[in-house]
Engineer: 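Take a look at this one; I'll ask things after.
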2 protein chains.
Amino acid sequence: MDSTDIERDLRQVLEARGQRYTEQRAAVYRFLHGTDVHPTAEEVFLRVRGDLPGISLATVYKSLETLVGCGLAHKLSYGDTSARYDGRTDPHLHARCLSCGRITDVPGRVPAAQLPPPARAGHFRVTGYRVELTGYCAQCDPGEAAEA
Amino acid sequence: MDSTDIERDLRQVLEARGQRYTEQRAAVYRFLHGTDVHPTAEEVFLRVRGDLPGISLATVYKSLETLVGCGLAHKLSYGDTSARYDGRTDPHLHARCLSCGRITDVPGRVPAAQLPPPARAGHFRVTGYRVELTGYCAQCDPGEAAEA
DNA sequence: ATCCTTGCAAAGCATTTGCAGTCAC
DNA sequence: GTGACTGCAAATGCTTTGCAAGGAT
């Protein structure tokens, strides 16, 4: 899928929801879809500003929210720091570096069957789950002295 | 373990780290340890103010951070809203209501053996993992119209 | 022409920090 | 008495919002 395809898909999804295709949204989506660094809103802003010098941080936040609402991106909130965004939609796990906060993709996945009986989680109706790995990325590992 | 025991344990842990036992920390810990509602800092503040009318929100934040640092509590950050705190230390899962944000304890746990090969997560050294269930709590379920 | 989106600046919210007074040891 | 802790208020950092001008259909 090249850049043209990506933009066509974006337009289609936006129109299906009564929203408009704009350069700003396209630039944000293009960047997010083509990277695996799971950037923060600020990082998206700095990067996208290379293509669209006039774009504002508020617009980046709004565009990201729009993409998440359309299912074209996921928001990764770990609270400790600012939210990160993921433009990949294939199944994968996230590993978060306890030292620098960077998110690394991990190919595997956890079968739902191995989780506790969903129906019987007290009076809670379980509809989904999320697994997050923690540890140290290649850049931070050498230190190895750090602990959580 | 009654209230007296809890306070003795707290004193011991604090002293082992060169920190002082105070009424404020004791009140926060007592409340957190005796509930399973996973309160936010604000909720802890409102509740503890019943015992200590003069306590400030900043002190609650500082006390919670101290307890987390001592391993006497866990901080649950889901980003969407404010952080929540857990004073229980026995193994259990957390189920988060997508409607109201409430956290419900679920007795089970996920064996590490069922996760993807830790050592081989790309160039990432995995040291731990976290599982979070999502769905709807008893109070929000009746609606059943809502979706994620 | 319509009305959605942008960009700017200001507001909002959770959390942290500086500091003088107070308390635990 | 000494150093850590509290409470207050101000500051911080991320994110959202109000609104007039601009852009997409």
Side-chain angles (χ1 to χ4, degrees), chain A residues 7-8 10-29 32 38-46 48-49 51-70 72-85 101 103, chain B residues 7-8 10-29 38-49 51-70 72-85 101 103:
Chain A
E7 277 140 31
R8 180 160 35 69
L10 172 61
R11 180 182 290 271
Q12 198 169 355
V13 172
L14 287 171
E15 287 178 353
R17 300 174 71 106
Q19 302 188 98
R20 291 174 184 173
Y21 175 92
T22 65
E23 277 191 61
Q24 290 85 346
R25 287 172 176 176
V28 169
Y29 181 51
L32 207 57
H38 308 288
T40 61
E42 180 100 29
E43 287 162 358
V44 174
F45 170 59
L46 293 174
V48 165
R49 200 158 53 165
D51 298 314
L52 296 173
I55 197 171
S56 73
L57 181 56
T59 296
V60 169
Y61 271 106
K62 288 168 184 165
S63 298
L64 288 169
E65 203 47 53
T66 299
L67 294 177
V68 170
C70 291
L72 295 172
H74 292 284
K75 186 176 184 177
L76 312 175
S77 300
Y78 300 114
D80 309 65
T81 167
S82 43
R84 291 174 175 277
Y85 294 85
I103 309 291
Chain B
E7 277 141 31
R8 182 163 32 71
L10 173 60
R11 180 182 291 272
Q12 198 169 358
V13 172
L14 286 172
E15 287 179 352
R17 299 174 69 106
Q19 302 189 98
R20 290 172 184 174
Y21 176 92
T22 65
E23 276 192 62
Q24 289 85 347
R25 287 172 175 176
V28 168
Y29 182 50
H38 310 286
T40 61
E42 180 99 30
E43 286 162 358
V44 173
F45 171 60
L46 293 174
R47 180 62 185 273
V48 165
R49 203 158 50 164
D51 298 315
L52 296 173
I55 196 170
S56 73
L57 181 54
T59 295
V60 169
Y61 272 106
K62 288 168 185 165
S63 298
L64 287 169
E65 203 46 53
T66 299
L67 295 178
V68 170
C70 292
L72 295 172
H74 293 283
K75 187 176 182 176
L76 312 175
S77 299
Y78 300 113
D80 309 65
T81 168
S82 42
R84 291 173 175 277
Y85 294 86
I103 309 290

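The chains referred to below are lettered A, B, ... by the order of the sequence lines, with proteins before strands, and numbering in each begins at 1. Treat the numbers as computed from the prediction; the structure is a model and nothing was measured.
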Engineer: Looking only at the side chain of Y21(B) (C-beta and beyond, no hydrogens), which of the listed nucleotides dT15(C), dC8(C), dC25(C) gets closest?
Structural biologist: dC25(C)
Engineer: Should R84(A) be listed as having a side-chain N or O under 4.0 Å from OP1 or OP2 of dC14(D)?
Structural biologist: no
Engineer: About how many Å separate CG of L64(A) and CG of L72(A), when rounded to the nearest 0.5 Å?
Structural biologist: 11.5 Å
Engineer: Consider the side chain of K62(A), meaning its heavy atoms from C-beta on, and name the nucleotide among dT16(D), dC8(C), dT25(D) that approaches it most closely.
Structural biologist: dC8(C)
Engineer: Does a side-chain N or O from S56(B) land closer than 4.0 Å to OP1 or OP2 of dC8(D), or not?
Structural biologist: no
Engineer: side-chain contact (heavy atoms from CB on, under 4.5 Å) between L46(A) and R49(A): does it pass, once the steps are laid out?
Structural biologist: CA-CA 5 Å; L46(A) 293 174; R49(A) 200 158 53 165; 3.5 Å; yes
Engineer: So which heavy atom on P39(B) is nearest to which on V44(B), and how close?
Structural biologist: CG-CG2, 3.6 Å
Engineer: R25(A) CZ to dG7(C) C1': how many Å, rounded?
Structural biologist: 14 Å
Engineer: What integer distance in Å separates R17(B):CZ from dC25(C):C1'?
Structural biologist: 19 Å
Engineer: In whole angstroms, how far is the P atom of dT6(C) from the CZ atom of R49(A)?
Structural biologist: 17 Å
Engineer: Regarding G54(A), tell me which of base, sugar-phosphate or nothing describes its non-hydrogen contacts under 4.0 Å with the strands shown.
Structural biologist: sugar-phosphate
Engineer: Confirm from the modelled atom types if R20(A) and dC3(C) form a donor-acceptor pair under 3.5 Å, side chain to base only.
Structural biologist: yes
Engineer: Between T66(A) and E23(B), which is nearer to the 5' end of DNA chain C once each is assigned its nearest nucleotide?
Structural biologist: T66(A)
Engineer: To the nearest Å, give me how far apart CG (L57(A)) and P (dA10(C)) are.
Structural biologist: 16 Å
Engineer: Look only at the side chain of R84(B) and the backbone of H38(B), and say whether a donor-acceptor pair between them is shorter than 3.5 Å.
Structural biologist: yes
Engineer: Of all the choices, dT17(C), dT6(C), dT15(C), which nucleotide is nearest to the side chain of T22(A) once you look at every atom?
Structural biologist: dT6(C)
Engineer: Write down the distance between CG (L64(B)) and C1' (dT15(C)), rounded to a whole number of angstrom.
Structural biologist: 11 Å
Engineer: Tell me the interatomic distance from I55(B), atom CD1, to dC23(C), atom C1', rounded to whole angstroms.
Structural biologist: 14 Å
Engineer: Return whichever of Q19(B) or A58(B) has its heavy-atom-nearest nucleotide of DNA chain C closer to the 5' end.
Structural biologist: A58(B)
Engineer: Can you check whether R25(A) reaches K62(A) side chain to side chain, under 4.5 Å on heavy atoms?
Structural biologist: no
Engineer: Nearest-Å distance, CG (L14(A)) to P (dA24(D))?
Structural biologist: 13 Å
Engineer: Measure from OH on Y61(B) to C1' on dG13(D) and round the result to the nearest Å.
Structural biologist: 13 Å
Engineer: Tell me which nucleotide among dC25(C), dT15(D), dT6(D) gets nearest to the side chain of Q24(B).
Structural biologist: dT6(D)
